[in-house]
Each structure stands twice: as C-alpha cells, then as structure tokens.
Student: 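My structure is below; once you've seen it, I'll send some questions.
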Amino acid sequence: MKRRAPSDKSTTDEECDDSDEIAQNQDQDDNSSQATLSESDLAPAEGGGDHSGSGINNSTIKTALIPLNSPSLNQLATSLGLLITHSDIDVNDVIVKSECLPNKHKQQHAHPSVCHHWLRDSAAAGRILPIALYVLDDYNPNNSEDGSDDLPPNPQSKNACFRIHPLNSPNEHLVHALRILKQDRVARDERWNALAYSRAAAMVKSFPHRIRSKDDIRLQLSYDSNDTVHTKNIGEKKIRAKIEEYLNYGRISEAETIQNSASHKLYNALCSIQGIGPRRAYELSRTGASSLGELVERGSITQEDVTLAQHLELGIPRTEVSSIAGVVMENARTLLPHPTHAICGGYRRGKSESNDIDILITHHGYTLQQMNEFLANLARRLQDMGFLTKLMRQLSLSDGHSDKHDYQSTLLGVVASSSKYGTTDSAQVTFRRVDIIVCHPHSFHLEVLAWTGSVMYERDLRAFVKRRNLKLNASCVYDEHTNNEVDLSGIRSERHLLAFLHLPWIAPENRNCD
DNA sequence: TGGCAATAGA
DNA sequence: CGTAT
DNA sequence: GCCA
C-alpha cells in the first residue's frame, strides 16, 4: 500500500510493493475466476505468437512462480508448458519470467516479471494478453530491463521532469515564500510571472541541502562561463535578489507583506471554492467585501459552496484515500469482471495527506464505449448508495475518437466519507473530491504518468517531449504535424515509458515539484 | 523577443 | 474566456 | 519573470 523510501532497495520487497501500487484487483474474486479456467480456454491462443505488439508469446515463457494455494493456476501454467516454482514472496503474486523480448538487443538485462493476474486474465480472454499491465518490476534496479535503460536525473536541468523533488525540502521556508509571491502574481493576473515563480520554487525544492549562503548555492549549482552562480529558472535580477534577501535576513519582505494582507486571505478563501478561480476571486474581492460570510449574504456565493470548500480543504490521510478507493473498486467489480486500477495523484507521490483521490481504471477486452458505459453505471451505483453525493462533471467519449487523440473518460465528483462505517450522522461525514478515470489499456501507463503529477512535472514533461515535435497528453503521444499516434501498446511500465520518451526515471515520491 | 502543457466544458 | 484536470 |  505504502511505497517505501527510494533508498531502501530490497529486491523481493520491491516486487511486492509494485504489485500493490498498480493493483491488479484485490484477490477476493480469484476463486470464482479460477473456477472458470481450463486448458481449452486458452487453446485458441496457444502458439499464437506475437499479440498486440507486446513481443511476448507462449513459447518465450519459461517459468512461473505461483501461489501455493492456487491449483488451478498451477494447472494453467502447466498447460502452457511453464516451469513452475512456488513463490514465497507474496501468496497473491505469480511471477512469470519470459525470455528476452525479440526486439531487444541487450543480452544482459533480466526478464520482466508479471503478476499472476496476467495468467487469469489471459484465460478469461481466451488469448495471451500483452503483459503491459501486469509487469511488476518497475522499481527493481537489479531485475529490470527498464532500469538498465534509465537516464540519470539532471539536477541542473531547467525542466522539472529531469530533477529530483522530494516531498520535504530542507529549504521549505524559502520555497514557501516563493509560492506566496507566485500566488500574488496570479492574483494580479500576471500569469507568466506566476509561472516563473513556480519554476523558481521547484528549482529550490530540488536542492538536496539546506542553503544558508551563496557559497552553499555554489556547492549546489552550476556556473556559467564567468564563474558566477547560475541556476536555471532563477534569473539574475528579480528572483535572485529575493533569494539573496532571504539568505541575508531569513525572510522575503514582499512575501510577508502579501501574507499579512487581508485581501490576500479573502482571495485565497475564494479560490478554494469550486468554480471560482483567479478572475472571479479578483472581482469578488474588490467589491469591498471583507469576508466570505458577507459575500454569502449578498448572494454572490452560496453557503453550500463555502461549506463544501471547508470540507475539501482538509487533507485526506492515506488510509482514508485507500479505503475510499476500496469502496469505489468494490463497486466497480460488481459491474466489471477484472478491472486494473491505480491510485494516482498526491497519494502515489507519497504525500501523507492528499487533496483528492485519483483512481484510474482500465480493462482488457473492453471497448472504450463499454468502459464509458461502465463509468456511467458506476456513477449511478455510487450515487444510489449515497456515497457519491455530487457529480461535478462527467465527460463522455464521443464514439469515433478517430482523430480526437483521446482514449479516456473522466468523472469528477464528491463522496461522503465517514470514519465510522455505515454512519449517516452528518457530523461524522467529510466530503472528499474524487476523480475516477477510465482509459484504454494501451494508454494505462501514460495515464498513470499524467495523473500522478505534480503540475510542474507534467508541464515540463510535455514541454520537453514537444521539442521532438511530439505532443503528449494524458492518453496518447502523437506527431504534432502528421497527427500520427505513437504506438504505446508495447510499453510495459511507467518506467519503460519514461525511458522510451528519453526521460530519466524519477520515482513518484520525487515528483513533488509544486 | 516570442513562448511558456494540453485539453475539455460551460 | 474561466476554470478545471 | 526567465529562457533560448
């Protein structure tokens, strides 16, 4: 459930962790599906060779690690001619080792490991499925062909997606001050100035050590040809001066002023309301009102909006994030046999408290229309049981996405989360923002990448990819001139995807740029 | 001095 | 164009 | 506001 710190590198533990992060179902439904397995189910696909560009076929698979208590999986593996080894890593995981992929030239790298749901789903589908959604070794440096292709991070890059941004910075104070300046620029409708401050803050956040002086910066940063300190995204004039002020006096006076101003506080409160952004917040805050309550009395905003905002402002503990996702998936499984899902967002980045819950769901063998129908049914079901209390938006897929570059459908809503199970006491209920996304299996890892964030990471990711005339969005990569999509069906992991895009592997915990 | 992520709905 | 992801 |  929880990802460990990147420093801890126990091989087998990593594998267990990975199987959890991108959960191929919980396992309570395994027995029922296993009951349906049989050799004949797989017969049409046996020896069928290369499916869906995954480069995996039956004859390349050598060994399978199978839970001791899964006779039917054992039987299935035997029918595929796999050498069976029993796993003591995790009873719920079967790890399948395959031969080298045909289009790889390196001899050295290890084989991808796949969780046992690959076997089960393949049986259910009656064909050998691509392993893309089932690979487990994303984060295993010793056993990952992806790992061997990793580019190193570049601390000096101007792009956040090349740098390490841990959850907690040793310079949190300074980062915070820069963010206040950023907020102020947004409020002043100076969006590009605001962007510049976001970038500067991200840059500082990537410093691994506390900086106390310019000398500390020298140790940390790069130089230009004149031997002067030059850090990308921190210009010579404005932001540089503010950082020096901070180093000298331990504060940035402008940030202090902004933070103490009443208008800034009202502005921020307004922005926390759904549907109110910089523009309306600015307009409302300059009507002379001094509090949200006043604006409610005037009828500019409703009390419900304010109350909801107060709920949504509260951080969501990790345990609650996973239990809410659990409720969603539990209901999802009643509508869809074996969904694959991942909890993304701040949760995946390791935050102890999230702002919302981002749940990504996909499935093999379903069309997008079917997935979209599934999402609509899921929404209805969650509403009927009183869990989903508000649908802020539900996007529908237009059926012919031929030239639309969109392979996903999203639901943005609010759920009533209660600490005590089944309670209807409103005092025990907190409202939480939930995003549910269904997507095409081929774009799953790209969707994971997109929905994990942070915002700056995504921006710089797309900006970088664009330099190769490629456009990247949440569901596909395509040539911005020819409009041709890049085939991602063979992408086996998020890590593999980053390597494919010529980007370094930055663990989710280190994408906290905002 | 132009560009700064990409995309959708209201 | 505003707000949202 | 910063970068190329």
Side-chain angles (χ1 to χ4, degrees), chain A residues 156-161 178 181-182 184-186 188-204 222 224 230-243 254 270-284 305 309 312 344-346 354-360 391-398 401 403-414 433-437 439 443 446-478 480 501 503 513-514:
Chain A
Q156 274 104 41
S157 171
K158 78 186 179 78
N159 291 96
C161 57
L178 290 171
L181 294 174
K182 178 229 164 179
D184 176 68
R185 302 305 187 262
V186 174
R188 294 172 184 281
D189 199 21
E190 297 166 355
R191 54 187 302 215
W192 302 123
N193 305 51
L195 177 60
Y197 279 102
S198 296
R199 299 210 133 104
M203 201 67 208
V204 172
S222 53
D224 66 15
H230 183 263
T231 308
K232 296 289 168 61
N233 299 314
I234 296 177
E236 292 295 302
K237 285 174 71 89
K238 307 276 195 153
I239 296 186
R240 173 77 178 281
K242 295 196 164 58
I243 291 184
E254 191 189 348
L270 282 167
C271 279
S272 71
I273 296 171
Q274 287 284 333
I276 297 183
R279 191 60 178 244
R280 262 211 354 119
Y282 173 75
E283 284 165 3
L284 290 172
D305 287 341
L312 301 186
C344 302
S354 301
N355 300 319
D356 64 0
I357 302 107
D358 300 298
I359 308 166
L360 181 58
L391 256 180
M392 318 187 78
R393 182 202 306 173
Q394 183 166 5
L395 306 180
S396 279
L397 243 44
S398 52
H401 55 266
D403 58 343
K404 284 205 63 186
H405 301 306
D406 188 1
Y407 296 87
Q408 66 166 39
S409 183
T410 68
L411 179 160
L412 317 185
V414 175
R433 276 280 290 107
V434 171
D435 296 339
I436 305 175
I437 306 98
C439 73
S443 46
L446 182 51
E447 296 275 356
V448 168
L449 182 64
W451 287 89
T452 297
S454 61
V455 171
M456 268 308 301
Y457 183 86
E458 303 299 333
R459 282 189 163 200
D460 281 356
L461 196 67
R462 296 173 186 198
F464 177 75
V465 167
K466 198 175 182 178
R467 302 207 305 215
R468 253 175 278 113
N469 292 327
L470 292 176
K471 279 208 182 221
L472 184 155
N473 62 29
S475 42
C476 71
V477 183
Y478 63 95
E480 67 177 332
L501 295 172
L503 283 158
C513 318
D514 294 349

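Just so we're on the same page: letters track the sequence lines, and every chain starts at 1.
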Student: Both distances under 3.5 Å, Watson-Crick or G-U wobble: report the partner of C/dC1, or none.
Tutor: none
Student: Taking CG from A/D358 and P from C/dA4, how many angstroms apart are they, rounded to a whole number?
Tutor: 15 Å
Student: Of the nucleotides C/dG2, C/dT5, B/dA6, which has the atom closest to the A/L412 side chain?
Tutor: C/dT5
Student: Contact class for A/R280 (heavy atom, under 4.0 Å): base, sugar-phosphate, or nothing?
Tutor: sugar-phosphate
Student: What do the steps show when you test A/I239 against A/L181 for side-chain contact (heavy atoms from CB on, under 4.5 Å), and what is the final call?
Tutor: CA-CA 10 Å; A/I239 296 186; A/L181 294 174; over 6 Å; no
Student: Identify which nucleotide among B/dA5, B/dA6, C/dT5 has an atom closest to any side-chain atom of A/K471, counting heavy atoms from C-beta outward.
Tutor: B/dA6
Student: Salt bridge (Lys or Arg N to Asp or Glu O under 4.0 Å), that's the test. Do A/R185 and A/E254 meet it? Break it down for me.
Tutor: CA-CA 12 Å; A/R185 302 305 187 262; A/E254 191 189 348; 3.0 Å; yes
Student: Could you give the start and end, 5' to 3', of the contact zone on DNA chain D for chain A, using atoms under 4.0 Å from its heavy atoms?
Tutor: D/dG1 to D/dA4
Student: Measuring to OP1 and OP2 of B/dG3, would you say a side-chain N or O of A/K466 lies under 4.0 angstrom away?
Tutor: no
Student: Looking only at atom C1', what distance separates B/dT7 and D/dC2, rounded to whole Å?
Tutor: 25 Å
Student: Is there side-chain contact between A/Q408 and A/L360, with heavy atoms separated by less than 4.5 Å?
Tutor: no
Student: Measure CG/A/D514 against C1'/B/dA5 and give the value in whole Å, please.
Tutor: 13 Å
Student: For B/dA6, take OP1 and OP2 only and decide whether either is under 4.0 Å from a side-chain N or O of A/R462.
Tutor: no
Student: Report the distance from atom CG of A/D460 to atom P of B/dA6, rounded to the nearest whole Å.
Tutor: 11 Å
Student: Find the distance A/Q408:CD to B/dG9:P and express it as a whole number of Å.
Tutor: 11 Å
Student: If we take the P atom in both B/dC4 and C/dT5, what is their distance in whole Å?
Tutor: 23 Å
Student: Would you check if A/L449 and A/Y457 make a side-chain contact, meaning some heavy-atom pair closer than 4.5 Å?
Tutor: yes
Student: Please tell me if A/Y478 has a side-chain N or O lying less than 4.0 Å from either OP1 or OP2 of B/dT7.
Tutor: yes
Student: Taking the side chain as every heavy atom from C-beta outward, state whether A/L472 and A/L501 have any atom pair closer than 4.5 Å.
Tutor: yes
Student: Expressed as a whole number of angstroms, how long is the span from A/M456:CE to B/dA5:C1'?
Tutor: 10 Å
Student: When all nucleic acid strands are considered with a 4.0 Å heavy-atom cut-off, which category describes A/R467: base, sugar-phosphate, or nothing?
Tutor: nothing
Student: Determine the contact category for A/E190: base if any of its heavy atoms lies under 4.0 Å from a base atom, sugar-phosphate if only primed atoms, P, OP1 or OP2 are that close, otherwise nothing.
Tutor: nothing
Student: Before you tell me yes or no, could you show the steps for A/R433 and A/L412 under side-chain contact (heavy atoms from CB on, under 4.5 Å), namely the whole-Å CA-CA distance, both residues' side-chain angles and the distance that decides it to 0.1 Å?
Tutor: CA-CA 8 Å; A/R433 276 280 290 107; A/L412 317 185; 4.0 Å; yes
Student: Is there side-chain contact between A/Y407 and A/L446, with heavy atoms separated by less than 4.5 Å?
Tutor: no
Student: Any idea which of C/dT5, B/dA5, C/dG2 is nearest the A/R279 side chain?
Tutor: C/dG2
Student: Contact class for A/D435 (heavy atom, under 4.0 Å): base, sugar-phosphate, or nothing?
Tutor: sugar-phosphate
Student: Under the side-chain contact (heavy atoms from CB on, under 4.5 Å) rule, what do A/R459 and A/L195 come out as? Steps first, then yes or no, please.
Tutor: CA-CA 11 Å; A/R459 282 189 163 200; A/L195 177 60; 2.4 Å; yes
Student: Nearest whole angstrom, please: distance from the C1' of B/dT7 to the CG of A/L446.
Tutor: 13 Å
Student: Select base, sugar-phosphate, or nothing to describe what A/I273 touches, counting heavy atoms under 4.0 Å on all strands.
Tutor: sugar-phosphate
Student: Regarding A/L472, tell me which of base, sugar-phosphate or nothing describes its non-hydrogen contacts under 4.0 Å with the strands shown.
Tutor: sugar-phosphate
Student: Which part of the nucleic acid, if any, lies within contact of A/R459, taking any heavy atom under 4.0 Å across all strands shown: a base, the sugar-phosphate backbone alone, or nothing?
Tutor: base
Student: Just checking A/N233: base, sugar-phosphate only, or nothing, at a heavy-atom cut-off of under 4.0 Å?
Tutor: sugar-phosphate
Student: Is the phosphate of B/dA5 approached by A/R199 (side-chain N or O, under 4.0 Å from OP1 or OP2)?
Tutor: yes
Student: Report the base-pairing partner of B/dA5 (Watson-Crick or G-U wobble, both distances below 3.5 angstrom), or none.
Tutor: none
Student: Whole angstroms only, please: what is the CG-C1' distance between A/N193 and B/dC4?
Tutor: 12 Å
Student: At 4.0 Å (heavy atoms only), tell me whether A/I276 reaches a base, stays on the sugar-phosphate, or touches nothing.
Tutor: sugar-phosphate
Student: Checking A/Y282 against A/D189 for the side-chain contact (heavy atoms from CB on, under 4.5 Å) test, could you report, in this order, the C-alpha distance in whole Å, the side-chain angles of both residues, the deciding distance, and whether it holds?
Tutor: CA-CA 9 Å; A/Y282 173 75; A/D189 199 21; over 6 Å; no
Student: Rounded to whole angstrom units, what separation is found between the CG atom of A/L449 and the P atom of B/dA5?
Tutor: 16 Å
